[in-house]
Amino acid sequence: HGGGYLDPQTRQYKLFIEVNKYAGSLLSGEFVHVTLLGKKVENSLKIPESAYTREGKIWYVDEENRLGNFQGEVLFFMGKDLIIKNPVFNKTSKKINIAVNPLSSFITGKTVTPQIRKSSL
């Protein structure tokens, strides 16, 4: 059952699990593996937490290798990643190059030479 409390910052919800029948020995505080079904979140992006600035901006590199940013709308946290709402300008593209470690010296429109890394996202 749920804990009745949804954290407004992380949108995480505490769950309490009770084991009714178990053939083995289960000690209090022991870790168990649980699979919970979730729902698919349409029009969203999974990005590293490091890509989200203190101001709530997400920096990216466009097709012409210029820096841009948008205000990220965080839907929820997933470990060290964020699930954000897909920005309006990216609705038709399946790919966006996100700056995973944005710098305070970034300037919108500045031409850069991106270092592309393979994403595990």
Side-chain angles (χ1 to χ4, degrees):
H1 65 276
Y5 175 73
L6 177 67
D7 187 316
Q9 194 72 19
T10 64
R11 309 234 350 119
Q12 291 182 346
Y13 189 69
K14 291 188 180 191
L15 296 176
F16 299 94
I17 298 171
E18 182 177 323
V19 178
N20 292 328
K21 294 180 183 178
Y22 182 67
S25 61
L26 188 63
L27 301 174
S28 177
E30 190 172 343
F31 287 96
V32 295
H33 178 79
V34 177
T35 302
L36 300 172
L37 298 176
K39 67 178 185 175
K40 187 174 182 178
V41 180
E42 298 291 336
N43 288 320
S44 62
L45 298 173
K46 181 179 175 185
I47 65 168
E49 185 179 41
S50 65
Y52 192 72
T53 69
R54 288 184 182 178
E55 297 81 26
K57 291 185 179 184
I58 297 164
W59 287 87
Y60 65 93
V61 180
D62 67 14
E63 304 83 31
E64 287 136 20
N65 290 335
R66 289 178 298 170
L67 287 171
N69 69 68
F70 59 92
Q71 196 67 33
E73 183 180 336
V74 177
L75 301 175
F76 57 92
F77 293 77
M78 182 184 288
K80 293 191 180 254
D81 296 321
L82 303 175
I83 306 301
I84 62 167
K85 188 174 181 181
N86 195 12
V88 174
F89 68 85
N90 191 50
K91 295 293 186 200
T92 58
S93 176
K94 292 187 182 252
K95 188 168 110 174
I96 184 170
N97 292 316
I98 300 288
V100 295
N101 293 308
L103 304 173
S104 60
S105 60
F106 279 7
I107 299 171
T108 303
K110 182 175 181 172
T111 303
V112 295
T113 305
Q115 299 290 316
I116 305 295
R117 71 174 188 167
K118 292 201 178 205
S119 174
S120 61
L121 309 174

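We use all heavy atoms of the structure for the numbers below, so side chains are in, but hydrogens, waters and symmetry mates are not.
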Taking all heavy atoms of [X] and all of [Y], pick out the closest pair and write down the distance.
X   : Y    : answer
A99 : A51  : O-CB, 3.5 Å
E55 : Q71  : O-NE2, 2.9 Å
T53 : W59  : CG2-CD1, 4.0 Å
T35 : H33  : OG1-NE2, 3.6 Å
G68 : T108 : CA-CG2, 4.4 Å

Verdict with supporting geometry, N69 and F106, side chain to side chain contact (heavy atoms under 4.5 Å, CB included) = CA-CA 10 Å; N69 69 68; F106 279 7; over 6 Å; no
Measuring from [X]:[atom1] to [Y]:[atom2], what's the distance to the nearest 0.5 Å?
X   : Y   : atom1 : atom2 : result
F70 : N86 : CZ    : CG    : 7.5 Å
I58 : I96 : CD1   : CD1   : 8.5 Å
D81 : L45 : CG    : CG    : 12.0 Å

Q.
Evaluate N97 against Y60 for side chain to side chain contact (heavy atoms under 4.5 Å, CB included), listing each step before the verdict.
A. CA-CA 5 Å; N97 292 316; Y60 65 93; 5.7 Å; no
| query | Does the S50 side chain pair with the main chain of V100, one donor and one acceptor, at a distance under 3.5 Å? | reply |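 Judged by distance alone, yes, a pair lies under 3.5 Å.
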- Task: Report the C-alpha separation of I83 and K46 in whole Å, then their side-chain angles, then the decisive distance to 0.1 Å, and conclude whether the side chain to side chain contact (heavy atoms under 4.5 Å, CB included) test is met.
- Result: CA-CA 5 Å; I83 306 301; K46 181 179 175 185; 3.7 Å; yes
inquiry  = How about CD on E30, more than 12 heavy atoms from neighbouring residues, nucleotides or ligands closer than 6.0 Å, or not?
reply    =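 Correct, the count exceeds 12.
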Can you confirm whether E73 sits close enough to I84 that some side-chain heavy atom of one is under 4.5 Å from a side-chain heavy atom of the other?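 With C-beta onward as the side chain, the pair stays apart.
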Side-chain contact test, heavy atoms from C-beta onward, threshold under 4.5 Å: evaluate it for V61 versus L67 and give yes or no.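 Counting from C-beta outward, V61 and L67 do come under 4.5 Å.
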